[in-house]
Amino acid sequence: INALLISSVVCMQQKRWDDAEKLLVKGNDLYPGKLGFLSNLGRLYILRGDTAKAVGPLQQAVLLAPDNHGNKNALTGAYFTCAFQAFDETTKKAMTLCLEDPNLPHPSMANAWMGFLLLDPAMAPLLALFDSPDYESFSKNIDIAALTDAFNNPLLLAGIKRILLINPRLECGLTWLRRWLFEHHPLPDSDAAAIRPFLYILARYCFFTEYAFFVTQDEQKEIDGFSPAADDEDAIALYACYKPLHTAQNHEAFIKAANDPAFQHLITQQITEPLTERAIQKDIETITPIDDKISRAVQGQYEESPYPRWTTTGSPPLPEVTKEKARGKQILVAGCGTGREPAELALHFPYAHITAVDLSQASLSYGIRKSREMGITNIDFRQGDILALKDIERRFDMITSCGVLHHMDDPVAGWQSLLSILAPGGIMKIALYSKTARHFITEAREMIAQQKLGDTPEDIRAFRQWIQP
């Protein structure tokens with residue numbers, strides 16, 4: 001076994017892909033179920049550029065060793081190019097294991113998960129219901145008992161905790177389901193028990209998406225007058241499907257009611273974490289004034305809606321020699337948002353020091369909370385304006401600013417401000433939005449203008465409802 005493995009690794013290092021493949025396939029045939037052959041075969045296909053072919057052996061490797069983070073990381077990346085044509089239990093189990101790991105780059109597997117979920121037989125009754133022509137038909141035909149398998153489908157539950165549902169069919173169905181659950185609360189005990197795990201996760205998903213689901217006028221009136229009792233966890237979860245729990249007057253009583261672990265996760269997301277972030281904001285240091293008109297407008301947007309509310313992060317670890325090269329280096333993330341990029345950099349370069357700057361205290365407090373949860377200690381989060389960074393008395397060996405400068409009235413001025421604090425011999429990474437790649441956003445803005453819609457939550461929901469197929 002060792003001879004075959006060592007020989008295959010040597011071939012891979014020499015980029016003799018075909019020879020390496022023959023050795024690994026032979027080893028897997030002679031010693032089926034051996035982790036080394038499967039994981040190396042998957043990595044070989046990735047190195048060779050055949051990521052779709054890597055999925056099979058990597059899935060088997062993940063099922064053999066569910067705690068092996070490296071194999072799950074490789075598989076998550078391999079899913080990026082996958083388009084499944086048929087359902088199988090192996091894929092379902094392996095994909096669910098990846099989704100349940102909080103330290104993986106789940107957005108890269110979003111399309112694969114969505115496509116495969118639609119092939120899952122457990123989802124068929126729910127998808128058929130979601131295909132109803134209107135809410136009235138949906139409401140008439142719903143049968144909770146018949147949908148128990150779908151509501152407790154681990155692939156669905158794990159996925160919507162990590163990934164946005166970019167699918168109008170599913171969003172429309174979930175919007176109807178939320179409305180129906182609210183209108184029919186309380187459900188009979190058996191139905192309530194069947195749907196409860198899904199209800200708690202649906203509430204978390206609604207918060208995660210900034211409550212983008214459409215709400216009818218009658219529904220809104222009922223919600224505005226709805227005050228859940230502190231001992232009614234289902235009612236609390238329904239409230240959380242429409243409004244953050246920390247906005248409820250009696251939210252402190254909800255914390256005391258949290259006994260179910262799944263319900264506790266909901267309380268943590270919508271009460272404990274937001275209140276923690278609010279407390280963190282008081283101690284965020286400001287390193288520059290924010291005087292520019294456009295900067296203030298952008299700041300206001302992200303103070304109201306920190307984005308993205310990322311929950312997981314992960315990328316392949318760097319070799320120790322690479323980490324050592326960054327020892328003592330000063331890295332600036334200019335426009336860090338909610339902190340995902342500096343968190344990933346901190347994990348990549350644990351011996352470097354990272355300064356993360358953003359306009360929004362709400363975004364910064366999110367990043368601070370997440371980095372603390374991850375045990376990251378080499379990031380300083382600071383509030384400031386890129387345009388004013390030229391006035392600080394610091395220099396950075398690496399500056400990264402992704403998806404930021406184009407928001408400015410004068411992006412070149414922002415770039416020049418960053419250049420002025422780049423250390424001699426330093427490197428800079430700048431990423432800008434592409435008009436060509438984002439032409440659909442321009443089209444959407446034109447449609448919004450035609451509809452004379454504003455930027456209120458109500459108008460955003462109305463537009464999203466209007467473009468539903």
Side-chain angles (χ1 to χ4, degrees), residues 66 92-93 95-104 106 113 117 120 122-123 126 142 144-165 170-171 173-175 177-182 184-211 213 226 228-248 250-277 309-312 369-370 373:
K92 181 173 181 175
K93 292 176 182 177
M95 191 175 284
T96 301
L97 284 170
C98 289
L99 290 165
E100 289 173 343
D101 188 325
N103 299 311
L104 294 173
H106 297 110
W113 169 73
L117 181 69
D120 188 348
M123 293 295 296
L126 186 61
I142 189 169
I144 297 297
L147 298 171
T148 299
D149 288 347
F151 288 136
N152 290 275
N153 184 351
L155 183 64
L156 173 65
L157 296 179
I160 61 174
K161 287 192 291 186
R162 310 291 190 200
I163 296 172
L164 290 172
L165 293 164
L170 291 179
E171 178 168 327
L174 291 177
T175 302
L177 178 61
R178 179 184 68 169
R179 177 181 172 185
W180 186 89
L181 289 171
F182 182 68
H184 291 80
H185 176 75
L187 293 174
D189 289 347
S190 58
D191 286 352
I195 202 171
R196 188 168 289 126
F198 182 80
L199 171 62
Y200 294 165
I201 290 180
L202 177 62
R204 292 170 62 185
Y205 182 79
C206 290
F207 178 89
F208 181 52
T209 59
E210 305 288 346
Y211 296 96
F213 288 180
F226 183 54
D231 60 350
D232 189 342
E233 294 185 356
D234 290 350
I236 295 170
L238 284 169
Y239 182 97
C241 284
Y242 289 91
K243 296 180 180 181
L245 289 178
H246 66 85
T247 64
N250 57 335
H251 65 261
E252 292 183 357
F254 300 163
I255 299 174
K256 299 175 182 178
N259 296 314
D260 184 298
F263 184 75
Q264 179 61 59
H265 287 310
L266 175 60
I267 294 297
T268 298
Q269 180 206 50
Q270 297 202 17
I271 299 180
T272 309
E273 292 176 352
L275 295 182
T276 299
E277 291 162 23
R309 291 185 187 274
W310 56 281
T311 59
T312 62
R369 177 181 63 78
K370 290 295 294 181
E373 290 174 359

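Computation of the quantities below employed the complete heavy-atom set of this structure, encompassing side-chain atoms and omitting hydrogens, waters and symmetry-equivalent molecules. All values derive from a computational prediction rather than experimental measurement.
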(Q) Between Y205 and L164, is there a side-chain heavy-atom distance shorter than 4.5 Å? (A) yes
Q.
Would you say that more than 12 heavy atoms from the other residues, nucleotides or ligands in this model lie under 6.0 Å from the CD of E252, or not?
A. no
Q) How far does OG1 of T268 sit from CG of L275, to the nearest 0.5 angstrom? A) 11.0 Å
(Q) What I want to check is whether the side chains of H184 and D191 have a donor and an acceptor closer together than 3.5 Å. (A) no
Q | Student check: side-chain heavy atoms of L174 and F198 closer than 4.5 Å | A | yes
Q | Y239: partners by ring-ring contact (aromatic ring centres under 6.0 Å, His included), with sequence neighbours left out | A | none
**Q.** For D232 against H185, the heavy-atom pair lying closest together
**A.** OD2-NE2, 3.2 Å
(Q) I need the single residue from Y211, F182, F226 that forms a ring pair (Phe, Tyr, Trp, His ring centres under 6.0 Å) with Y242. Which is it? (A) F182
Q.
Less than 4.5 Å apart, side chain to side chain, heavy atoms only: is that true for I144 and W180?
A. yes
Q | Cationic N near anionic O, under 4.0 Å, R309 to E210 | A | yes
Q) Does the N250 side chain pair with the main chain of P228, one donor and one acceptor, at a distance under 3.5 Å? A) yes
Q | Non-hydrogen atoms of A203 and Q269 that approach each other most closely | A | O-OE1, 4.3 Å
(Q) Keeping H265 on the side-chain end and I201 on the backbone end, is there a donor-acceptor pair under 3.5 Å? (A) no
Q: Return the minimal non-hydrogen interatomic distance between L199 and C241, and the atom names on each side.
A: CD1-SG, 4.0 Å
Q: Can you tell me which residue pairs pass the salt bridge (Lys or Arg N to Asp or Glu O under 4.0 Å) test with a partner in residues 154-165, sequence neighbours excluded?
A: none
Q. Is there a donor-acceptor contact under 3.5 Å from the side chain of H106 to the main chain of D101?
A. yes
Q.
Restricting to non-hydrogen atoms, name the atom on N152 and the atom on P197 that form the minimum distance, rounded to 0.1 Å.
A. OD1-CG, 3.5 Å
(Q) So which atom in A150 and which in L126 form the shortest heavy-atom distance, rounded to 0.1 Å? (A) CB-CB, 3.8 Å
Q.
Give me the atom names and distance for the closest heavy-atom approach of Q270 to K243.
A. OE1-O, 3.6 Å
Q) Okay, side chain of W113, backbone of L155: is any donor-acceptor separation there less than 3.5 Å? A) yes
